[in-house]
Amino acid sequence: MWRTGHSFLKKKNQAVKAAFIGELSGHFFFSADFYNHDDGFYSTLRLLHYLAETNQSLSEAIAKLPQYISSPEIKLAARMIKKLVL
């Protein structure tokens, strides 16, 4: 677990040297074979390769993953905060 955000993840991964890290917002880093780089096209190719190797559809692969609950991001407009403080 670590702070969210592209730059935070990249720096943390340089320190821990994980083979793969990612976050809910869609940043995925493949360190072992892609130089700690975040690239959506590369991630897609890796997924397609996995699906071809396992002879699964995307929905079949997703169905096997554990289900986690994620709360939405809560953002308040500055005007709302000012009203709450006053």
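Position 1 is the first residue of the sequence, and the numbers go up from there. Every value quoted in this text rests on a predicted model; they were computed, and no experiment measured them.
The hydrophobic cluster containing Tyr68, built from Ile/Leu/Val/Met/Phe/Trp/Tyr side-chain heavy atoms closer than 4.5 Å, comprises no other residue. Hydrophobic cluster of Leu48: no remaining members, since no ILVMFWY side chain lies below 4.5 Å from it. The hydrophobic cluster containing Tyr50 also includes Leu47, Leu51, Leu58, Ile62, under a criterion of side-chain heavy atoms closer than 4.5 Å among ILVMFWY residues, counted directly or through chains of members.
When all heavy atoms of Ile21 and Ala18 are compared, the closest pair comes out as CG2-CB, 3.7 Å.
Between the NE2 atom of His49 and the CZ atom of Arg46 there is a distance of 7.5 Å, given to the nearest 0.5 Å.
For the side-chain hydrogen bond (donor to acceptor under 3.5 Å, both in side chains) test, no residue two or more places apart in sequence or in another chain qualifies with Thr44. Take Ser57 and apply the side-chain contact (heavy atoms from CB on, under 4.5 Å) test, not counting sequence neighbours, and it matches Ser59, Glu60. Judged as a side-chain hydrogen bond (donor to acceptor under 3.5 Å, both in side chains), and not counting sequence neighbours, the contacts of Lys64 are Gln56.
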